[in-house]
Every structure is written in structure tokens, then in C-alpha cells.
Amino acid sequence: MIVDDQVMVRAGLAAIVGAQPDFEVVGEAADGAAAIALAGETRPDVVLMDVRMPGMDGLTATARLTAGDAAPRVLVLTTFHQDAYVFQALRAGASGFLLKDADAAELVSAIRVIASGEAMLSPAVTRRLIDAFASGNLAAAPEADPRLGALTPREREVLVALARGLSNAEIGAALGIGVGTVKAHVNALLPKLGARDRVQATIVAYDLGLARPR
């Protein structure tokens with residue numbers, strides 16, 4: 001499903017998505033409220049979400065769409081200067097960010113990543129996210145956060161490594177455990193943190209002060 005208040009943007013995105021043999025555009029909406037109503041009817045797997053829209057914005061719509069058990073994956077499309085929205089939308093439940101000037105191949109790839117259950121951030125957004133933490137613009141939550149107490153010592157180690165951007169294989173090598181064991185720890189820690197994927201878990205790790213940009 002495509003959500004954007006500009007008709008031409010929706011048309012362009014629909015053309016790119018519809019050109020893929022295994023993709024189908026199940027609906028288009030011009031604002032957040034319409035998106036929520038339409039999602040209930042069409043049950044999309046992935047939602048391409050604009051941020052700034054009249055009426056209900058993309059942040060509020062993302063939070064509501066991702067609140068349910070069978071929630072769609074949300075890929076937020078943003079412009080380069082909207083950094084503040086990145087952090088808010090990730091916390092609202094978005095599974096990734098892509099800049100609006102990305103080419104068609106990048107968009108298709110991002111949709112596939114999101115649909116597979118993984119998270120995705122464009123390199124430029126990731127860099128600015130790290131810079132914001134490094135500059136202190138995003139304050140860390142206190143160590144007493146109850147989410148920390150829910151993690152086992154090994155899950156905490158895996159979370160710290162995950163927040164450093166390590167792959168499952170790299171985490172396994174660093175901690176001396178198998179890739180399957182790493183996956184099991186990741187699957188166990190995500191619900192404890194209230195995170196749907198690795199990007200959201202990384203945000204939590206930064207919030208809790210478990211990781212800092214190098």
C-alpha cells in the first residue's frame with residue numbers, strides 16, 4: 001500500500017512497484033487516516049509511508065498500523081532534511097527508512113528486505129542517526145530501565161554486538177557461539193525489548209546506553 005498526499009508521487013511509486021511480477025499495489029491513500037481504514041480492508045504486507053501529510057501524519061499512522069499482531073511492515077520514505085522524523089518513526093514501529101531520491105532498484109530492494117521481516121535504513125539515514133547519538137541530541141534512558149532486567153547476560157551481549165552493526169556470523173565469532181544460537185538469542189531478546197526487528201533493537205540499545213557510536 002502506498003501512502004502519500006501527492007498524486008504524482010503515488011503514481012510513480014505505483015508504477016515501480018507494479019512493474020515487479022511478484023508485487024501488487026493493493027491500495028493508495030492520501031493521508032494517515034485513510035491509510036488505516038484502507039489497511040483494514042486490503043491487509044498489505046508492506047506500507048510505503050510518507051511523513052508529512054495533511055490530517056493524520058505518517059508518524060501517527062505508522063504507530064497505529066504497527067500496533068496490531070498482524071501488522072504490516074512500514075517503510076518510511078523521507079527527504080534528506082527530515083532527520084527528526086527518523087527517530088520518531090522508528091520508535092513508532094517503522095521497519096526502515098529510504099530517501100525519496102532513491103532510484104527504482106533501491107526501492108524494490110528495500111521493499112523485499114522489509115517484506116522478508118528484516119529492517120532497512122538507507123546509508124545516509126544511518127549515518128545521520130549515528131551522528132545524532134554521538135552529538136548527544138538523543139538522550140539515553142537510565143540503566144534502570146526494566147527492559148534490561150528482562151535480558152539474560154548473553155542476550156545483553158548479543159544486543160550490544162547487534163547495535164554495533166555486526167551480522168549474526170560476526171556476533172557468533174566474537175562471542176564464540178554458533179550462528180543458530182545467535183539467531184535464537186536475537187529472536188528471544190526482540191520481544192523482551194518490544195522491538196520488531198534489529199533496527200528497533202539497535203535504537204533501544206542506544207536509548208539504554210548499551211552502545212555508543214565509535
Side-chain angles (χ1 to χ4, degrees), residues 1-132 195-200 202-203:
M1 184 171 71
I2 299 169
V3 186
D4 197 292
D5 63 325
Q6 298 184 40
V7 176
M8 292 299 292
V9 172
R10 294 201 307 271
L13 293 173
I16 294 171
V17 174
Q20 301 301 308
D22 54 339
F23 287 179
E24 179 185 359
V25 178
V26 297
E28 298 179 23
D31 60 59
I36 292 172
L38 188 58
E41 300 172 4
T42 60
R43 294 294 182 185
D45 297 305
V46 174
V47 176
L48 303 183
M49 180 72 73
D50 186 23
V51 175
R52 290 182 173 178
M53 294 179 291
M56 184 185 294
D57 63 25
L59 299 178
T60 303
T62 294
R64 295 190 182 183
L65 284 173
T66 59
D69 294 332
R73 311 284 290 180
V74 177
L75 176 63
V76 174
L77 302 179
T78 183
T79 53
F80 192 70
H81 65 277
Q82 293 176 322
D83 301 334
Y85 296 126
V86 175
F87 320 120
Q88 296 175 51
L90 288 175
R91 291 191 174 101
S95 293
F97 257 80
L98 191 68
L99 300 181
K100 280 191 172 181
D101 61 0
D103 60 30
E106 290 176 304
L107 176 62
V108 169
S109 176
I111 293 173
R112 294 191 190 282
V113 170
I114 295 297
S116 72
E118 296 296 326
M120 184 271 173
L121 291 179
S122 72
V125 172
T126 301
R127 178 69 261 167
R128 295 168 79 86
L129 180 66
I130 292 173
D131 288 345
R196 295 182 63 195
D197 49 47
R198 297 170 76 98
V199 167
Q200 291 180 23
T202 298
I203 293 293

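What you see is a predicted model; the values in this text were computed from it and never measured. Only heavy atoms go into these numbers, but all of them, side chains included; no hydrogens, no water, no symmetry mates.
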Can you name the side chain to side chain contact (heavy atoms under 4.5 Å, CB included) partners of A30, sequence neighbours left out?
R10
Is there a side-chain contact between V74 and T66 (heavy atoms, below 4.5 Å)?
yes
M56 vs I36 side-chain heavy atoms within contact, under 4.5 Å
yes
I need the [X] [atom1] to [Y] [atom2] distance, nearest 0.5 Å.
X: M53; Y: D4; atom1: CE; atom2: CG; value: 7.5 Å
X: E28; Y: T42; atom1: CD; atom2: OG1; value: 11.5 Å
X: E106; Y: I16; atom1: CD; atom2: CD1; value: 10.5 Å
X: M49; Y: L98; atom1: CE; atom2: CG; value: 15.0 Å
X: R73; Y: S116; atom1: CZ; atom2: OG; value: 7.5 Å

With sequence neighbours excluded, tell me which residues meet side-chain hydrogen bond (donor to acceptor under 3.5 Å, both in side chains) with D5.
none
Quick one: does [X]'s side chain have a donor or acceptor within less than 3.5 Å of a partner on [Y]'s backbone?
X: Q200; Y: A94; value: yes
X: T202; Y: R198; value: yes
X: T60; Y: D57; value: no

Heavy atoms only: give me the nearest [X]-[Y] pair and the separation to one decimal.
X: F97; Y: L75; value: N-CD1, 3.9 Å
X: G32; Y: A61; value: CA-CB, 3.6 Å
X: G93; Y: T62; value: C-CG2, 4.1 Å
X: G96; Y: I114; value: N-CD1, 4.1 Å
X: V26; Y: P44; value: CG2-CB, 3.9 Å

Give me each pair satisfying salt bridge (charged side-chain N to carboxylate O under 4.0 Å, His left out) with a member in residues 13-23, each pair once, sequence neighbours excluded.
D22-R112
Between I2, V3, L13, L99, which is the residue that forms a side chain to side chain contact (heavy atoms under 4.5 Å, CB included) with L77?
L13
